[in-house]
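To start, the structure itself, in C-alpha cells.
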Amino acid sequence: GKGEYDHYMEKEIHSQPTSLANTIEGRVEDGTVSFDSLEPGTFENVDAVQFVACGTSYHAAMYAGQLLRAAGLPTDVIRASEYETAAGPVDEGTLVVAVTQSGETADTLDAVRTAAGHGAQTLAVTNVVGSTAAREADNALYIRAGPEVGVAATKTYSSQAVTLTLLTQRLAADVPEATPAEDREDLLETLQDLPQHVDTVLETSRARVLAREFMNSTSYFFIGNGFGHSVALEGALKFKEITYEHAEGFASGELKHGPLALVTDKSPLFAVYTDGSDDKTKTNAIEAQSRGAPIVAVGPADHPLVDVADAHLSVPDTHPVWAGLLANVQLQLVSYHAATLLERSIDKPRNLAKSVTVE
Ligand code: M6R
C-alpha cells in the first residue's frame, strides 16, 4: 500500500534512498564494478554500443551514452520506435542494450528483435525479473528498484541511471579499445554517498513552495547541457505527464534556435547543471531571464547562476554524474507538487498506461 503517503508516486520518490542502496549493493568493490549476471569478459568482442529505449528510460540511457562516448566507445542512443530508420550498421560486434523498466515495451522489444536478427549481442537492463526483455536478450541486468506502481517513472529512472553508469565502467574494463573514466575512482567512491544525498534533497527541498509560486504559467521550460540535458528532458516529460501543463526540455544551447520565441514572464525556466563550469546553461538561462522568464537554478550551490537566478533548488556537492540524478529528484518533486496543487490524477495520468505494449 501507500502507507503514510497520499500517492504511490510520492512514496516512490521518497523510497529512492532505499531503492538506490539496493541497486548499488555488492556491485562496487575496491574500485571494480561487478554484476553477478555478467561474467568478466562478457563484452570483450564488443566494438560499438546502441542503447534502445522509450520515454524516461531513453533519458536514463542518454546518461550512459555520454559516459561510453567519453570512454572512446562508439555509442548511439536510439529511440526504440525509430530503430528501423535511426540505427547505423549493426553486426556481431554491436552490443544492443534495451533499457526498459517493465521489460514489456513493444517498441523496445521490437528494436532488440531487429538488432538480434542482424547478429547483435543483446542485453536487457530492466526492473522486472522474467520479463519478456529479460528472457529474450542474451543477458539481463536488473536495476533492483522494487515494484513501481505510479505510471510516472521515478525511482526506476534513478536506479536505471546508476545501473547504466556502472555498466559503462564494466564495459570499459572488458572492451580493449575503451578507456575507463579518468575520475573513475571518484565516480565510484562518491556513489556510496548518493542514497544519503537523495535523502538530504528530500528533507530540504523547496519544490513545493516553488510549484505554488509558478502556478498559472503558460509553459514550463527545462534546459541543461551534457548530463543536465538528459535531466532537463526528463524533468519536462515528468512535468507534462502528470500536470497536463505544457512543458518542454532542450539542450541549453538550443534555446536561442527557436524556443526563445515562446519565452515570456509566464514561462518559468528550470536551468539544470551538474558542475560549476557549465557556462552554456548560464548564458542561455540569463538570455531567457532578460525576456522576463523567472529562472530556477537546479544544481550544486557553487555555480555562478545561483547568484542571478530567481530561485535555487539545491543539490549536495558530489560528482557531476550523481549531481544530475539529485537535480532530477528536485524536478520530480516540482512535478509532483505542481500536479497535486492542480488536483491531477497523480498515479494514473489521463491517456497513459504504465507499460505500453502496442507499437
Ligand atoms: O517500461 P519502460 O521503461 O520500457 O517504459 C518506457 C516508457 O513508456 C516510460 O519510461 C514512460 O515514459 C514513463 N511512464 C514516463 O514517466
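Order of appearance sets the numbers: ligands from 1, and atoms from 1 within every ligand. FYI, the numbering just counts along the sequence from 1.
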- Item | Protein contact to atom 1 (O) of ligand 1 [nearest heavy atom, distance to 0.1 Å] | Ser102 OG, 2.7 Å
- Cation-pi, Tyr244 ring and Arg350 (6.0 angstrom, 45 degrees): yes
- Hey, is Glu104 touching ligand 1 through its side chain, its backbone, both or neither, going by heavy atoms under 4.0 Å? neither
- Message: With no hydrogens and no angle check, just 3.5 Å: does a side-chain donor-acceptor pair link Gln50 and Tyr83?
- Response: yes
- Message: Taking 4.0 angstrom as the limit and counting only heavy atoms of Gln101, give me the atoms of ligand 1 inside it, by number and element.
- Response: 1 (O), 2 (P), 3 (O), 4 (O)
- Task: For ligand 1, indicate whether the residue Lys354 contacts it via side chain, backbone, both or neither (heavy-atom separation under 4.0 Å).
- Result: neither
- Task: State whether the shortest distance between N or O atoms of Gly103 and N or O atoms of ligand 1 falls below 3.5 angstrom.
- Result: no
- Where is the nearest protein heavy atom to atom 14 (N) of ligand 1: which residue, which atom, and how far? Val151 O, 2.8 Å
- Task: Would you please indicate if the ring centroids of His59 and Tyr157 are separated by under 6.0 Å?
- Result: no
- Would you mind reporting whether Phe250 and Asn284 have side-chain heavy atoms less than 4.5 Å apart? no
- Query: Numbering the atoms of ligand 1 from 1, which are under 4.0 Å from a heavy atom of Ala153?
  - Reply: 16 (O)
- Listed by chain and number, what are the side chain to side chain donor-acceptor pair (under 3.5 Å) partners of Thr318, not counting sequence neighbours? none
- Query: Which residue supplies the protein heavy atom nearest to atom 8 (O) of ligand 1, what is that atom called, and how far is it?
  - Reply: Val356 CG2, 4.2 Å
- For ligand 1, which atoms, with element, lie under 4.0 Å from some heavy atom of Glu241? 13 (C), 14 (N), 15 (C), 16 (O)
- Partners meeting ring pair (Phe, Tyr, Trp, His ring centres under 6.0 Å) with His197 (sequence neighbours left out): none
- Message: Under a plain distance cut-off of 3.5 Å, with no hydrogens placed, do Glu104 and Ser131 share a side-chain donor-acceptor pair?
- Response: no
- Do me a favour and list the nearest non-hydrogen protein atom to atom 2 (P) of ligand 1 with residue, atom name and distance? Thr105 OG1, 3.3 Å
- Item | Protein residue, atom and distance nearest to atom 9 (C) of ligand 1, heavy-atom basis | Thr56 N, 4.1 Å
- Message: Under a 3.5 Å distance rule, please check whether Lys348 uses its side chain to pair with a backbone N or O of Ser345 as donor and acceptor.
- Response: no
- Numbered in order shown, the ligand 1 atoms found under 4.0 Å of a heavy atom of Lys238 are 15 (C), 16 (O)
- Polar side chain donor-acceptor pair, Asp193 to Thr190, under 3.5 angstrom: no
- Query: Does any N/O atom on Ser57 come nearer than 3.5 Å to any N/O atom on ligand 1?
  - Reply: yes
- Note on the structure: In ligand 1, the atoms that come under 4.0 Å of a heavy atom of Gly55 are 12 (O)
- Query: Relative to the heavy atoms of Cys54, which atoms of ligand 1 are at a distance of less than 4.0 Å?
  - Reply: 6 (C), 7 (C), 10 (O)
- Query: Relative to the heavy atoms of Thr100, which atoms of ligand 1 are at a distance of less than 4.0 Å?
  - Reply: 1 (O), 2 (P), 3 (O), 4 (O)
- Counting each atom of ligand 1 from 1 as listed, which ones have a heavy atom of Ala152 under 4.0 Å away? 16 (O)
- Message: Between Thr56 and Lys238, is there a side-chain donor-acceptor contact under 3.5 Å, judged purely by atom types and distance?
- Response: yes
